[in-house]
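Reckoned from all heavy atoms, side chains included, excluding hydrogens, waters and symmetry mates.
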Amino acid sequence: MPVGVRQLSVLGEFKPFGLIAEALDGKPSDTSTDDYDYFLFDPEIARQREDSSDNDASASALSDRRDHELFIRGNRIIWSIGARVFKRFTLPSSVIKACWCRMGDNPEALLCVLQLDSLTIYNTSGEVVSIPLPGSITSIWSLPFGLLLQQGAEGNLLKHGPFPYSSPSLGSRDIIRNRRETGHSPHNNYSFLSAYDQLLKGESSSMSSHLILKDLLEEPQSIYIEERGKLNIMSDFDERTIWTSDLIPLMASYNKVKMQHSVWVAEVINSSLEVENSSLSATVPTGVLPKRFSFRRIWQGKGAHTAASKVLDPIVVKVCT
């Protein structure tokens, strides 16, 4: 064999372990071979930010460095570690997409599962909350500060209003307690936030193509877009998200009408600026204003007839910009 030449052997076609788990369970039938999805993930994604948990099963599993896989078919999800099934999830309807996400100051990682009319959220201990959604939500994506909701074509869209939950709640008492410990009182802040909502009442009539859910006890918020120094609600339904990061505030998207890819950075809007220019400046304390987020385009590439199938490593993306 010539110097510098190495012979490679093909060991076989890769198959997700979820297929083996299904075969061991005796389902599904052999005729359905391609209607599934799966992804591998680093167990660090599912660990608490400040992991001080006891030596329970979840903590032990998340310290296992073997491949962690989520296998999705129909209304079932199989979480496997190496060649072992760790957890199974069965939902009331078919899964559209699933991803890991963290919200706000909650140190726990959450498994968010999008279905046709609801968003089901699990923590690693198995607690679950189900959030009703309209059918307009077509995809979900993880960002460092919450869950990005992508709306479909303009029509039956999610309007601002009550965002009801089904029981049991996912640690809601713990979240409320943490807020009280930091001096946050929903009752005391109600009048301020109601006044602030009135200040931004124009937002309620605007339809946003992208929303952010950053707290399990709050409604999803519209995301703004910064263009030419101005902030407007992002309402381009052709701007389809194709990649996000749960570590850095970046999103990549593709617009088939404009035939272009874009990379955006997510930023916190200074809500106090809006109040300073209004009659509420004397009545609305800055500390109780909700954080709002915007996307600012940092790169774009035109001429692509189809969306990219993969996005480069964020380090490479930063070099390109």
Inset, instruction - May I ask you to establish whether K97 and W141 are in a cation-pi arrangement, using a distance under 6.0 Å from NZ or CZ to the six-membered ring centre and at most 45° from the ring axis? - result: yes
Legend entry - Verify same cluster id: L40, F71 (apolar side-chain graph, 4.5 Å): no
Inset, instruction - Determine whether I248 and V265 fall in the same hydrophobic cluster, where Ile, Leu, Val, Met, Phe, Trp and Tyr are linked whenever their side-chain heavy atoms lie under 4.5 Å apart. - result: yes
Contact between [X] and [Y] at the side-chain level, heavy atoms closer than 4.5 Å - yes or no?
X: V113; Y: F89; answer: no
X: H305; Y: M259; answer: yes
X: T120; Y: Q115; answer: yes
X: V268; Y: F145; answer: no
X: I121; Y: C112; answer: yes
X: L70; Y: W100; answer: yes
X: S136; Y: Q151; answer: yes
X: L24; Y: V85; answer: no

For [X] and [Y], does a side-chain donor sit closer than 3.5 Å to a side-chain acceptor?
X: E239; Y: S253; value: yes
X: H210; Y: Q150; value: yes
X: R240; Y: S139; value: no

With rounding to the nearest 0.5 angstrom, report the [atom1] to [atom2] distance, [X] to [Y].
X: Y122; Y: K87; atom1: OH; atom2: NZ; value: 10.5 Å
X: N232; Y: S222; atom1: CG; atom2: OG; value: 12.0 Å
X: L148; Y: I223; atom1: CG; atom2: CD1; value: 5.0 Å
X: L111; Y: C99; atom1: CG; atom2: SG; value: 8.0 Å
X: M207; Y: S235; atom1: CE; atom2: OG; value: 10.0 Å
X: L213; Y: I140; atom1: CG; atom2: CD1; value: 10.0 Å

Heavy-atom closest pair, residues [X] and [Y]:
X: P43; Y: H68; result: CB-NE2, 3.5 Å
X: D236; Y: N255; result: OD2-ND2, 3.1 Å
X: R102; Y: E44; result: NH2-O, 3.5 Å
X: P144; Y: L247; result: CG-C, 3.8 Å
X: Y36; Y: P16; result: CE1-CG, 3.8 Å
X: L110; Y: N123; result: CD2-CB, 3.9 Å

Legend entry - Lys/Arg N to Asp/Glu carboxylate O, R76 vs D25, below 4.0 Å: no
Legend entry - Test item: E69 side-chain N/O and G18 main-chain N/O as donor-acceptor pair under 3.5 Å: yes
Inset, instruction - Evaluate side-chain contact (heavy atoms from CB on, under 4.5 Å) for L114 paired with L149, printing each intermediate quantity in order. - result: CA-CA 10 Å; L114 176 65; L149 309 177; over 6 Å; no
Inset, instruction - Name the orientation class of the two ring planes belonging to W79 and F86 (parallel below 30°, tilted from 30 to 60°, perpendicular beyond 60°). - result: perpendicular
Inset, instruction - Describe, in one word, how the ring planes of H261 and Y254 are oriented to each other, choosing from parallel (under 30°), tilted (30 to 60°) and perpendicular (over 60°). - result: tilted
Inset, instruction - Begin with the C-alpha distance, continue with both residues' side-chain angles, and end with the deciding distance and a verdict on side-chain contact (heavy atoms from CB on, under 4.5 Å) for I78 and F17. - result: CA-CA 9 Å; I78 299 175; F17 180 76; 5.7 Å; no
Inset, instruction - Evaluate the criterion side-chain contact (heavy atoms from CB on, under 4.5 Å) for residue pair T244 and M251; output intermediate values, then yes/no. - result: CA-CA 4 Å; T244 60; M251 177 189 79; 3.9 Å; yes
